[in-house]
Amino acid sequence: MPSPGVHERLARTLVTWFESRDRDVPGRSESDPYRIWIAEVMAQQTRIATVRERYTEFLGRFPDVHALAEAELDAVLKAWEGMGYYARARNLHRAARVLVEEHEGLLPDDPAALRSLPGIGPYTAGAIASIAFDRAEPAVDGNVRRVLSRLFDLERPSAAALESESRRLLATDGVRPGTLNQALMDFGGSVCTPRRPDCDACPLAADCLAFKHDTQASRPGRSKSVALPHHPIAVAVLRKEGRVLIGKRPEHGLLGGLWEFPGGKIEAGEAPRQAAARELQEEMCIEATIGRSIAVIPHAFSHFRITLHAFEAAWVSGEPCGRAVTEWRWVRPEELSAYAFPAANRDILAGISGASDRP
DNA sequence: AACTCGGGGTC
DNA sequence: GACCCAGAGTT
């Protein structure tokens with residue numbers, strides 16, 4: 001009997017390593033494709049610890065694809081509040097309706113059919129196909145990309161190269177695809193980490209080309225970082241007869257479909273209070289008296305930073321026209337918790353509940 | 001291939 | 001502070 005090839009040896013060692021661990025990862029012990037789908041989408045670009053807290057809550061509210069399809073988008077966004085990348089929630093909702101209308105409420109097992117659904121790309125399609133349906137399909141996320149880049153010493157691997165290496169690992173007899181894919185991800189998250197990988201304790205070190213060449217610290221290569229632009233923002237908590245004014249952002253684009261307090265960018269040379277008054281005039285057609293500062297909130301997005309200056313404001317004249325929003329509403333402070341807000345608004349919400357309507 | 005799209009843990 | 005994460009959609 002010939003000695004096993006390096007891919008087969010790697011695959012068997014990974015699965016053995018994985019099965020000796022007991023890590024509580026959402027979706028791992030699931031068999032329902034719907035629940036696996038939710039777990040994988042929720043895990044995109046998001047820490048496991050964050051997902052763990054929200055996963056059970058989300059499934060409690062939307063226990064199956066029919067419940068998700070029948071829900072209002074606002075309810076799905078509210079369940080997604082604070083997790084970011086809100087297009088994921090919008091796409092989940094759209095995909096659920098496609099599944100109910102065109103697939104009898106069932107997720108397909110074919111990667112191409114999965115990829116045709118909103119919000120399911122190469123990674124999630126492979127993850128669902130392999131974990132839920134036991135198909136030998138690659139699921140290359142950031143962790144797997146790093147592990148493969150190091151095992152085969154690839155500086156800037158193409159998606160095709162990573163898929164090719166993955167398929168050779170998956171070709172190992174007797175290794176379940178979903179188990180191997182999860183082993184690769186878990187391995188990248190615990191042993192083969194971005195910084196300071198634990199090569200001393202690595203069961204794959206003997207076959208790792210980057211370890212052999214001592215290039216693991218620069219595999220995969222990093223793209224150069226760019227300085228993030230910064231935008232000062234002024235927002236107004238506008239009071240009138242015990243209620244505050246909120247607006248709903250357009251459904252597409254940044255923070256799409258979420259609610260916010262009216263406001264906008266502070267122009268060069270403009271004072272924050274001036275900007276708050278101007279934005280109320282321009283975007284809401286309302287004259288107001290700007291009052292005390294509620295909070296100054298620094299916040300970082302993926303591609304820029306903001307500093308949010310929030311002010312109390314008292315209505316003087318005018319009715320909302322909602323030029324920058326698709327909808328607006330006067331809401332009692334205690335009702336604000338029913339609306340999905342961006343994370344940067346949390347400090348504002350905390351500072352105004354139960355406050356008077358006088359700035 | 002480059003750009004957009006959040007938030008948070010970690011070092 | 002910088003990095004980077006169980007990525008996908010758009011152009």
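Proteins come first, then strands; the chains are lettered A, B, ... in the order of their sequence lines, and each starts at number 1. What you see is a predicted model; the values in this text were computed from it and never measured. All heavy atoms count here, side chains included; hydrogens, waters and symmetry mates do not.
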Next item on the list: Using a strict 4.0 Å threshold on nitrogen-to-oxygen distance, state whether A:Glu319 and A:Lys240 make a salt bridge.
Entry: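 Judged by the 4.0 Å cut-off on N to carboxylate O distance, A:Glu319 and A:Lys240 do form a salt bridge.
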Distance between [atom1] atoms of [N] and [M] (Å, rounded):
{"N": "B:dG6", "M": "C:dT11", "atom1": "P", "value": "16 Å"}
{"N": "B:dC3", "M": "C:dA6", "atom1": "C1'", "value": "23 Å"}
{"N": "B:dC5", "M": "C:dC4", "atom1": "C1'", "value": "15 Å"}

Next item on the list: Would you check if there is a donor-acceptor pair between the side chains of A:Arg54 and A:Thr46 at a distance under 3.5 Å?
Entry: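 Not at all, the side chains of A:Thr46 and A:Arg54 share no donor-acceptor pair under 3.5 Å.
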Check: Going by atom types alone, do A:Ser293 and A:His309 pair a side-chain donor with an acceptor below 3.5 Å?
Finding: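 There is no such pair between these side chains.
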Using a 4.0 Å heavy-atom cut-off, does [X] contact any base of the nucleic acid, only the sugar-phosphate backbone, or nothing at all?
{"X": "A:Ala343", "value": "sugar-phosphate"}
{"X": "A:Met83", "value": "base"}
{"X": "A:Gly256", "value": "nothing"}

Note to self: My understanding is that a hydrophobic cluster links ILVMFWY residues whose side chain heavy atoms are under 4.5 Å apart, including indirect links. Using that, what else belongs to the cluster containing A:Val175?
What the structure shows: A:Val6, A:Leu10, A:Leu14, A:Val15, A:Trp17, A:Phe18, A:Tyr123, A:Val140, A:Val144, A:Val147, A:Leu148, A:Leu151, A:Phe152, A:Leu154, A:Leu162, A:Leu169, A:Leu170, A:Leu180, A:Leu184, A:Met185, A:Phe187, A:Val191, A:Leu204
Next item on the list: Mind calculating the distance between CZ (A:Arg196) and C1' (B:dG9) to the nearest angstrom?
Entry: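 Distance check: A:Arg196 CZ to B:dG9 C1' gives 17 Å.
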Check: Quick one: what's the B/S/- string for nucleotides 1-11 of chain C, heavy-atom cutoff under 4.0 Å, read 5' to 3'?
Finding: --BBBBBSS--
Next item on the list: Evaluate the side-chain proximity of A:Thr124 to A:Leu114: yes if any heavy-atom separation is below 4.5 Å, no if none is.
Entry: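 Answer no - side chains too far apart.
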Margin query: Within this structure, what is the SG-CD1 distance for the pair A:Cys321 and A:Ile286, rounded to the nearest 0.5 Å?
Written below: 7.5 Å
